[in-house]
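Some notes on the structure that comes next.
Starting from 1, each residue takes its place in the sequence as its number.
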Amino acid sequence: MIITFPISIWMCLKIIKEYERAVVFRLGRIQADKARGPGLILVLPCIDVFVKVDLRTVTCNIPPQEILTRDSVTTQVDGVVYYRIYSAVSAVANVNDVHQATFLLAQTTLRNVLGTQTLSQILAGREEIAHSIQTLLDDATELWGIRVARVEIKDVRIPVQLQRSMAAEAEATREARARVLAAEGEMNASKSLKSASMVLAESPIALQLRYLQTLTTVATEKNSTIVFPLPMNILEGIGGVSYHNQQKVPNRA
């Protein structure tokens, strides 16, 4: 290095970016407990070997995993894991390939956790399941210098026959609910009619007025000839004609 100083100086200076850290091995040993960088670092050629570690958040896409749920339903679930390296020394010294190890561990944890849940729990409690998976991954990858930021379950695929069965069940439930609501409406309507009949029974004139109001409403809606039966009770109040008096008059013919 001293003899070839003008040339070797360019081999000794290395630039580490802001989101990177360099773990330097000198004669096979880690140079410091803490990684170097960012900025300009000095490396001795033929003696030092350094490994760059990216500290940015990594997106790990979990492919669809075929899972047998606790209620014996076969389904396919995929997800995504967001993690980052917080200790470059642990990520390099404690595991061979930290990203591959995290990827395989995420797949295994996803299958193990969803295998203990029923299909309805998976469909309704995605957030709770994702949080439990994140906790398990974070505990397992702590020695690797990995911190899991977030876990999301993207899609749950169920067989077509099961989809049809669930749709039929939901339709039957909605139909039963509609019948119950219709029955409750009929009951409320019958109570209202009973109250109205009691009010009309107290005042016979109210029944006649309601009769004429119904006739006016029907005539307004449709412009056509309406044949409306007219009880004799109304004639008694309007023209003074008594139906009972007509029956008492003897037939002279």
Return yes when atom [atom1] of [X] has more than 12 non-hydrogen atoms of other residues, nucleotides or ligands closer than 6.0 Å, and no otherwise.
X	atom1	result
Asn96	CG	no
Gln76	CD	yes
Lys34	NZ	no
Leu123	CG	yes

Inset, instruction - Apply the test side chain to side chain contact (heavy atoms under 4.5 Å, CB included) to residues Thr69 and Gln121: give CA-CA distance (whole Å), side-chain angles for both, the deciding distance (0.1 Å), then the verdict. - result: CA-CA 10 Å; Thr69 60; Gln121 291 175 347; over 6 Å; no

Over all heavy atoms of both residues, which pair between [X] and [Y] is shortest? Give the atoms and the distance, please.
X	Y	value
Ile153	Ala130	CD1-N, 4.5 Å
Gly115	Ile67	N-CG2, 4.0 Å
Phe103	Asn61	CE1-O, 3.4 Å
Ala22	Ile16	CB-CD1, 3.7 Å
Val113	Ser132	CG1-OG, 3.8 Å
Ala35	Val89	N-CG2, 3.9 Å

Nearest 0.5 Å, please: how far is [atom2] in [Y] from [atom1] in [X]?
X	Y	atom1	atom2	answer
Glu66	Thr75	CD	OG1	9.0 Å
Asp48	Leu27	CG	CG	7.5 Å
Asp139	Gln134	CG	CD	10.0 Å
Arg26	Leu44	CZ	CG	4.5 Å
Leu119	Ser72	CG	OG	11.5 Å
Thr57	Arg147	OG1	CZ	11.0 Å

[X] vs [Y] side-chain heavy atoms within contact, under 4.5 Å:
X	Y	value
His99	Ile85	yes
Asp54	Lys52	no
Leu13	Leu42	yes
Val80	Thr59	yes
Glu171	Arg174	yes
Thr108	Arg111	yes
Ile129	Ile133	yes
Gln65	Leu114	no

So, does [X] use its side chain to make a donor-acceptor pair with the main chain of [Y] at under 3.5 Å?
X	Y	value
Ser190	Met187	yes
Gln100	Val98	no
Asp155	Asp78	no
Glu20	Pro38	no
Tyr83	Asp138	no
Ser192	Asn188	yes
Ser90	Trp144	no

Mind checking whether [X] and [Y] sit in one hydrophobic cluster, side chains of I, L, V, M, F, W, Y counted as touching below 4.5 Å?
X	Y	answer
Leu143	Val92	yes
Ile62	Leu68	no
Val51	Ile30	yes

Inset, instruction - Identify which one of Leu105, Ile146, Leu110, Thr102 satisfies the side chain to side chain contact (heavy atoms under 4.5 Å, CB included) criterion when paired with Leu137. - result: Leu105

Inset, instruction - Kindly indicate whether a cation-pi arrangement holds for Arg150 with Tyr82, taking the cut-offs as under 6.0 Å to the six-membered ring centre and within 45° of the axis. - result: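 Not flagged: Arg150 not positioned over aromatic ring of Tyr82.
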
